[in-house]
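In what follows, every chain begins at residue 1, and chains take the letters A, B, ... in the order their sequences are listed. Scope of the values below: all heavy atoms of this structure, side chains included, with no hydrogens, waters or symmetry mates. Please read these numbers as outputs of a predicted model, since none were measured by experiment.
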There are 4 protein chains.
Amino acid sequence: MGIQERKKRERERRRQQIMVAAKRVFSVKGFTGATMEDIAQEAELSPGTLYLYFKNKDELFSSLSIRILQYLNLRLEHVVNNEKELTPDQKIASLREALYDVYEFDPVILINMFHLQSSDTLKNLSPQLLADLKGLSRSSLKLLGKIFEDGIAKGDFIERHPVALADIVWAIFSGLILWEESKRIINDNKNYLKQTLEIAFEIFARGIKK
Amino acid sequence: MGIQERKKRERERRRQQIMVAAKRVFSVKGFTGATMEDIAQEAELSPGTLYLYFKNKDELFSSLSIRILQYLNLRLEHVVNNEKELTPDQKIASLREALYDVYEFDPVILINMFHLQSSDTLKNLSPQLLADLKGLSRSSLKLLGKIFEDGIAKGDFIERHPVALADIVWAIFSGLILWEESKRIINDNKNYLKQTLEIAFEIFARGIKK
Amino acid sequence: MGIQERKKRERERRRQQIMVAAKRVFSVKGFTGATMEDIAQEAELSPGTLYLYFKNKDELFSSLSIRILQYLNLRLEHVVNNEKELTPDQKIASLREALYDVYEFDPVILINMFHLQSSDTLKNLSPQLLADLKGLSRSSLKLLGKIFEDGIAKGDFIERHPVALADIVWAIFSGLILWEESKRIINDNKNYLKQTLEIAFEIFARGIKK
Amino acid sequence: MGIQERKKRERERRRQQIMVAAKRVFSVKGFTGATMEDIAQEAELSPGTLYLYFKNKDELFSSLSIRILQYLNLRLEHVVNNEKELTPDQKIASLREALYDVYEFDPVILINMFHLQSSDTLKNLSPQLLADLKGLSRSSLKLLGKIFEDGIAKGDFIERHPVALADIVWAIFSGLILWEESKRIINDNKNYLKQTLEIAFEIFARGIKK
DNA sequence: TATGAATGAGGCTTCATTCAT
DNA sequence: AATGAATGAAGCCTCATTCAT
């Protein structure tokens with residue numbers, strides 16, 4: 001048992017090592033630009049070894065998303081559990097903090113999520129991993145929903161169309177159109193997103209609070 | 001003269017034919033997934049022909065973005081020019097309509113814009129095309145800015161951090177994390193985005209209006 | 001007949017126009033680097049037109065060699081015919097002048113002749129053109145031979161290995177022109193080159209030693 | 001240590017295996033006619049494998065030239081070092097032997113050297129390989145020069161136009177090897193060829209006249 | 001006769017994946 | 001378990017050649 005356990009732990013450590021390397025390489029070169037060779041090199045392993053831990057490139061990539069969705073879930077759970085004693089402002093602030101941190105955890109999460117949608121990617125995933133992805137997404141959505149439902153139930157938030165959770169998407173829209181240009185203007189892509197997030201949240205809070 | 005003109009027109013028609021096919025294929029398979037062969041087949045042309053009208057795959061792709069940015073500019077100009085006689089609500093509505101239509105024009109614009117950022121893509125573009133892209137982006141930004149500046153100048157809108165134009169991006173964030181799941185729930189991705197956009201705009205308007 | 005003749009003449013003019021352009025383009029870009037499009041542009045014609053005058057790219061290329069071989073023959077004939085009244089020194093000078101001029105006529109003749117050897121090229125030629133090439137090569141060789149034979153017969157030149165006639169010159173210049181033909185004659189390219197090298201070196205040694 | 005060494009050796013063996021196959025294919029089909037697929041087949045490897053040992057087709061091709069230039073250098077060094085105790089006749093014979101062997105080593109060296117000149121080829125080489133090529137060419141030229149200079153210094157050889165050192169030899173053989181370098185030295189390729197032709201002819205005349 | 005748009009075969013190259021060691 | 005050399009499928013792109021006008 002001890003040995004069994006130790007082996008399992010060792011295996012998990014390797015997986016993490018590879019994922020850390022993969023994340024680094026993917027964020028620099030993007031999914032298509034990154035080669036398994038690149039990732040192996042970054043992880044100081046050989047290409048063949050990656051395949052002992054991940055079925056293929058798509059699955060390695062998706063595992064990163066799993067990890068960040070797990071982190072998102074964790075943070076959202078925390079917000080839900082602590083929400084009861086907080087004022088609306090505090091709840092919003094708490095949610096904002098959570099999302100900030102998720103973003104810090106992986107600044108290119110957006111691009112990754114886009115890639116994840118592609119049916120070609122999904123086709124290559126093992127049923128288990130696919131199930132995990134769906135489960136985590138659903139869970140995140142429910143948790144987010146719960147935060148708002150609680151707020152509404154207590155009369156702190158105004159009621160709204162159930163889908164509105166993920167709203168405000170016009171920014172998805174115009175914001176991104178101007179992304180490239182914005183980078184030029186702000187000259188620090190990372191901070192810009194954070195600033196924008198901050199401002200967006202202000203407006204969002206104003207919109208959702210009574 | 002007549003012949004010259006006719007040929008030019010014919011050539012432009014071909015370009016459009018290819019772009020229409022490319023748009024269709026790219027939106028189904030994504031940039032990497034789509035092959036030039038696919039696009040040629042969709043356009044009922046041979047692969048070689050594509051290269052008579054577009055220098056390479058990246059340039060064909062980017063030309064699609066040029067087209068939508070031109071359309072965006074057109075719509076924004078219209079909003080700016082008509083803005084003077086409108087109430088704040090009408091202005092917002094007018095802008096919303098414009099963005100709706102842009103979205104209708106190309107629902108996968110977001111993904112495209114993400115791809116466009118990649119330096120690998122930009123490397124392959126002709127200087128002319130690159131300049132056009134930058135020019136159009138900048139112009140869009142200025143027009144958007146003008147709409148809000150006018151609103152603020154007239155006292156209709158509350159003043160805000162200058163970058164805030166493209167803000168509200170947290171939706172890019174949470175919205176997209178949940179994108180995949182949302183699709184499952186709504187089961188009609190296109191309508192969902194439209195609904196979301198609508199709601200987002202409501203909130204947005206509430207945030208920006210005095 | 002007058003019309004017939006005029007048409008024929010006109011046709012020949014066009015052929016020349018194309019060959020002039022081809023020569024220019026080939027000498028700048030080499031055979032592989034030059035495209036039919038390039039040549040058409042240089043000739044201020046359309047690509048399709050080239051095929052009205054030349055069966056294919058290889059045949060267009062080879063026609064240039066035909067032309068220079070014709071010129072070489074012309075010059076050699078002139079040397080042979082005038083040789084009788086000249087001193088040995090004058091004969092050599094005369095031959096030298098002829099070869100100079102051939103070289104001036106087309107400085108990249110060597111490279112062209114190399115290309116011409118390739119069996120892939122020869123495969124694409126019409127039987128007529130192939131026969132012309134062989135005939136001209138053989139004729140040049142015979143003429144060169146005659147010059148030396150005459151010199152030997154008159155006791156002006158020292159006798160030498162039968163192949164040695166065109167030897168040195170081969171190495172310098174015409175050998176390459178006649179490469180293809182030489183191969184046929186000697187039927188063992190490798191040994192021939194070695195023999196030639198041997199003889200050349202003898203002469204070379206004689207020239208350089210005090 | 002042993003393992004490291006064995007791997008390096010194994011790798012070098014593979015490189016040689018590929019180069020041998022490439023040499024065979026190139027000499028039959030020429031550079032353009034030979035496909036990487038052909039070479040892979042000849043080497044009983046897959047196309048992809050070639051790229052583990054050579055950056056691209058041009059670099060594989062050029063590596064063959066590197067090899068023969070190295071061999072040429074080796075032989076020339078040997079001639080230079082042994083020259084002191086030899087009579088003029090022996091020196092010439094020694095040089096002849098060296099050049100014979102180089103020719104035996106690769107009978108199509110001339111064609112290869114022609115191809116190597118093309119700027120399109122040089123563009124695709126790694127700086128390292130390019131530097132090696134230039135270095136070896138220059139070295140060969142110097143060694144050749146040294147042989148003649150020594151001969152002249154000792155009074156065994158007649159002095160001649162400074163360019164004449166490599167002249168005749170150029171025409172016969174190595175001139176082509178050193179073509180690229182010669183161009184740099186003379187800085188006027190066209191005139192250089194003419195000069196060389198002139199000198200060659202002088203010697204030629206001296207050799208053939210009684 | 002001349003055009004030039006269109007074709008499509010084929011080459012170089014990359015890279016995810018495998019497998020013998 | 002780890003390696004990393006080898007594979008080979010597949011994509012982008014070029015360009016000689018054709019053919020409808």
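- Phosphate proximity of E/dA2 to C/Arg14: present, with a side-chain N or O under 4.0 Å from OP1 or OP2.
- The distance from atom OH of B/Tyr51 to atom P of F/dC13 is 4 Å, rounded to the nearest whole Å.
- The pair D/Arg9-D/Glu5 meets the salt-bridge criterion, with a side-chain N (NZ, NE, NH1 or NH2) lying under 4.0 Å from an Asp/Glu carboxylate O.
- Rounded to a whole Å, the CD1 atom of A/Ile18 is 11 Å from the C1' atom of F/dA2.
- The separation between A/Lys57 atom NZ and F/dA9 atom P is 20 Å, rounded to whole Å.
- Using a 4.0 Å cut-off, some side-chain N or O of D/Ser46 falls inside it from OP1 or OP2 of F/dT7.
- To the nearest 0.5 Å, atoms CZ (D/Arg67) and CG (D/Leu69) are separated by 12.0 Å.
- Base pairing annotation: F/dA20 forms a Watson-Crick or G-U wobble pair with E/dT3, both donor-acceptor distances under 3.5 Å.
- Counting any heavy atom pair closer than 4.0 Å across all strands shown, B/Leu50 reaches no nucleic acid atom.
- Contact annotation for A/Thr35: backbone-only contact, meaning every heavy-atom pair under 4.0 Å involves sugar-phosphate atoms and none involves a base.
- Map B/Leu45 and A/Thr32 each onto its nearest nucleotide of DNA chain E; the residue landing nearer the 5' end is B/Leu45.
- When distances are taken from the side chain of B/Leu52 to each of F/dT14, F/dT3, E/dT7, the shortest belongs to E/dT7.
- Of the side-chain N and O atoms in B/Arg11, none sit less than 4.0 angstrom from OP1 or OP2 of E/dG4.
- For B/Pro47, the listed nucleotide lying nearest its side chain is F/dC13; candidates were E/dA2, F/dC13, E/dG4.
- The partner of E/dC15 is F/dG8, judged by Watson-Crick or G-U wobble contacts that both fall below 3.5 Å.
- Considering only the side chain of C/Met36, F/dT17 comes nearest among E/dT13, F/dT17, F/dC13.
- The separation between B/Tyr53 atom OH and E/dA5 atom P is 6 Å, rounded to whole Å.
- Summarising the geometry, the separation between CG on B/Asn56 and C1' on F/dG11 is reported as 13 Å, rounded to the nearest angstrom.
- Within the 4.0 angstrom heavy-atom criterion, only backbone atoms of the sugar-phosphate kind lie near C/Ala34; the bases stay farther away.
- No contact: A/Lys7 has no heavy atom under 4.0 Å from any strand.
- A residue-by-residue look at B/Gly48 and A/Lys55 shows that B/Gly48 has its nearest nucleotide of DNA chain E further toward the 5' end.
- A cation-pi contact, defined as under 6.0 Å to the ring centre and within 45° of the axis, links A/Lys57 to A/Phe31.
- Donor-acceptor pairing under 3.5 Å is recorded for the side chains of C/Glu12 and C/Gln16.
- The separation between C/Arg15 atom CZ and E/dT1 atom P is 14 Å, rounded to whole Å.
- One interatomic measurement links the two molecules: CZ of C/Phe54 to P of F/dA16, which rounds to 15 Å at whole-angstrom precision.
- DNA chain F is contacted by both A/Glu44 and B/Phe31; A/Glu44 maps to the nucleotide lying nearer its 5′ end (nearest heavy atom per residue).
- Taking the six-membered ring for Trp and thresholds of 30 and 60 degrees, A/Phe26 and A/Phe61 have ring planes more than 60 degrees apart, a perpendicular arrangement.
- Across the protein-nucleic acid pair, A/Glu37 atom CD and E/dT18 atom P stand 16 Å apart, rounded to whole Å.
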